[in-house]
Visitor: 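I'd like to ask you about the structure that follows.
No experiment lies behind these values; they were computed from the predicted model shown. Just so we're on the same page: letters track the sequence lines, and every chain starts at 1. Scope of the values below: all heavy atoms of this structure, side chains included, with no hydrogens, waters or symmetry mates.
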2 protein chains.
Amino acid sequence: MRIGDLADKSGLSTDTLRYYEKIGLIPRPLRDAGGRRVYDRTILRWIEFLDRLKATGMGIRDRLRYAELRTLGSSSLADRRSMLETHRDKVAEDIVRLTETLHVLDDKVDLYRRMEAGETVDPAFESCARTEHAAPPNREKSPHDRRTGARPRADNEA
Amino acid sequence: MRIGDLADKSGLSTDTLRYYEKIGLIPRPLRDAGGRRVYDRTILRWIEFLDRLKATGMGIRDRLRYAELRTLGSSSLADRRSMLETHRDKVAEDIVRLTETLHVLDDKVDLYRRMEAGETVDPAFESCARTEHAAPPNREKSPHDRRTGARPRADNEA
DNA sequence: GCTTGACCTGGAGTGCACTCCAGCCCGTAA
DNA sequence: TTACGGGCTGGAGTGCACTCCAGGTCAAGC
């Protein structure tokens with residue numbers, strides 16, 4: 001399989017494949033007589049997994065580190081497992097956050113729909129209903145640490 | 001509230017706040033006699049919502065567009081709702097994808113743990129068990145479109 | 001009055017993750 | 001044999017999203 005075929009099958013561009021090779025994310029393939037890259041079909045599994053790590057927010061540094069460990073073979077199993085466990089936890093957190101936001105969005109869409117219909121909005125949502133320059137709600141918000149991801153329950157800024 | 005306080009409360013740096021203002025993500029605040037920015041507490045709700053959009057993958061372009069619509073007041077309600085609905089669907093898709101990956105990671109961690117224990121791996125997982133340069137599995141993979149996000153079921157590249 | 005710390009502006013610099021390009025080579029089909 | 005498509009390399013360019021900095025102003029406390 002040549003680079004163009006791999007590009008088709010993996011969904012990455014040939015440029016990206018060469019770039020990944022350059023930085024060490026994917027192993028250097030064999031070359032044919034003409035100096036062109038020849039790929040083994042197994043590379044697809046690896047690329048797909050990399051893609052999955054990327055799509056779930058693992059940065060290139062960590063992907064690189066993982067790729068590096070992978071080349072070390074079974075001696076790096078524990079380290080790789082540890083990386084995956086860490087990432088797994090991050091993914092689980094992201095799912096929580098996304099789910100939370102899904103609800104916020106649904107609520108907001110709902111609110112907008114009612115406002116579009118000219119409906120009077122429930123007083124409980126008054127601060128949401130005022131659109132652009134709502135009066136400050138009488139409620140103090142404590143500073144929260146961005147690192148921990150701990151933050152007060154979302155409210156609708158309308 | 002001055003910019004430093006807002007930075008503390010929002011979790012953004014003063015630089016980022018000024019940057020957001022420059023590009024139009026947050027409205028220009030009033031200034032005090034000394035020319036310093038003075039923020040209304042309501043800005044926090046807006047920043048928090050922006051942060052939520054960002055954390056769920058909405059790019060700066062769209063956040064900008066949304067911010068722009070917001071300044072137009074209630075006449076832009078339908079457009080804003082439409083944007084949120086679109087984003088909502090994207091978030092829902094992401095949740096599916098993340099959940100899928102969570103399982104893949106769990107499986108992989110499990111596999112590694114068993115491999116570390118020197119356990120013989122179930123023949124059904126043989127292609128996973130071969131670590132670095134597994135023989136190609138006898139199974140053709142069709143090229144898939146990256147745009148649609150449609151992709152064949154993940155398998156473990158081990 | 002002086003120091004200190006927060007704030008101001010404009011602009012340069014950073015890191016990520018590609019993406020594009022010029023100028024070249026190679027193999028095959030017409 | 002020549003045209004063409006695909007591939008090669010090294011390096012420049014892009015877009016996002018900040019982040020940092022120099023060189024200045026301003027207000028409050030000692």
Visitor: 5'-most contact on DNA chain C: Asp15(B) or Asp5(B), nearest heavy atom basis?
Guide: Asp5(B)
Visitor: Between Met58(B) and Asp32(B), which has a closest nucleotide on DNA chain D that is more 5'?
Guide: Met58(B)
Visitor: With a cut-off of less than 4.0 Å, is there a side-chain N or O of Tyr20(B) near OP1 or OP2 of dC18(D)?
Guide: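 Checking Tyr20(B) against dC18(D): at least one side-chain N or O falls below 4.0 Å of OP1 or OP2.
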Visitor: Is Leu50(A) reachable from Ile23(A) through a run of I, L, V, M, F, W or Y residues, each pair having side-chain heavy atoms under 4.5 Å apart?
Guide: yes
Visitor: Tell me which nucleotide among dC8(D), dC18(D), dC8(C) gets nearest to the side chain of Ile3(A).
Guide: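 It is dC8(D).
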Visitor: Between Arg113(A) and Glu116(A) (salt bridge meaning N to carboxylate O under 4.0 Å), is one present in this structure?
Guide: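 Here Arg113(A) does not pair with Glu116(A) in a salt bridge, since their nearest N and O are not under 4.0 Å apart.
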Visitor: For DNA chain C, whose closest nucleotide is more 5', that of Val38(B) or that of Gly59(A)?
Guide: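 Its nucleotide being nearer the 5' end, the pick is Val38(B).
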Visitor: How is Arg61(A) classified with respect to the nucleic acid when contacts are heavy atoms under 4.0 Å: base, sugar-phosphate, or nothing?
Guide: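 Since only primed, P, OP1 and OP2 atoms lie under 4.0 Å of Arg61(A), the category is sugar-phosphate.
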Visitor: Under 4.0 Å, counting only non-hydrogen atoms across every strand here, what does Arg37(B) touch: a base, just sugar-phosphate, or nothing?
Guide: sugar-phosphate
Visitor: Can you check whether Thr16(B) has a side-chain N or O nearer than 4.0 Å to OP1 or OP2 of dT19(D)?
Guide: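 Looking at the OP1 and OP2 atoms of dT19(D), one of them is under 4.0 Å from a side-chain N or O of Thr16(B).
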Visitor: Which nucleotide wins on minimum distance to the side chain of Arg36(B), given the candidates dT9(D), dC8(C), dA17(D)?
Guide: dC8(C)
Visitor: Please give, in whole Å, the distance from dC18(D) P to Lys22(B) NZ?
Guide: 13 Å
Visitor: Does Lys54(A) count as lying over the ring of Phe49(A), i.e. NZ or CZ under 6.0 Å from the six-ring centre, within 45 degrees of the axis?
Guide: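 No, Lys54(A) does not sit over the ring of Phe49(A).
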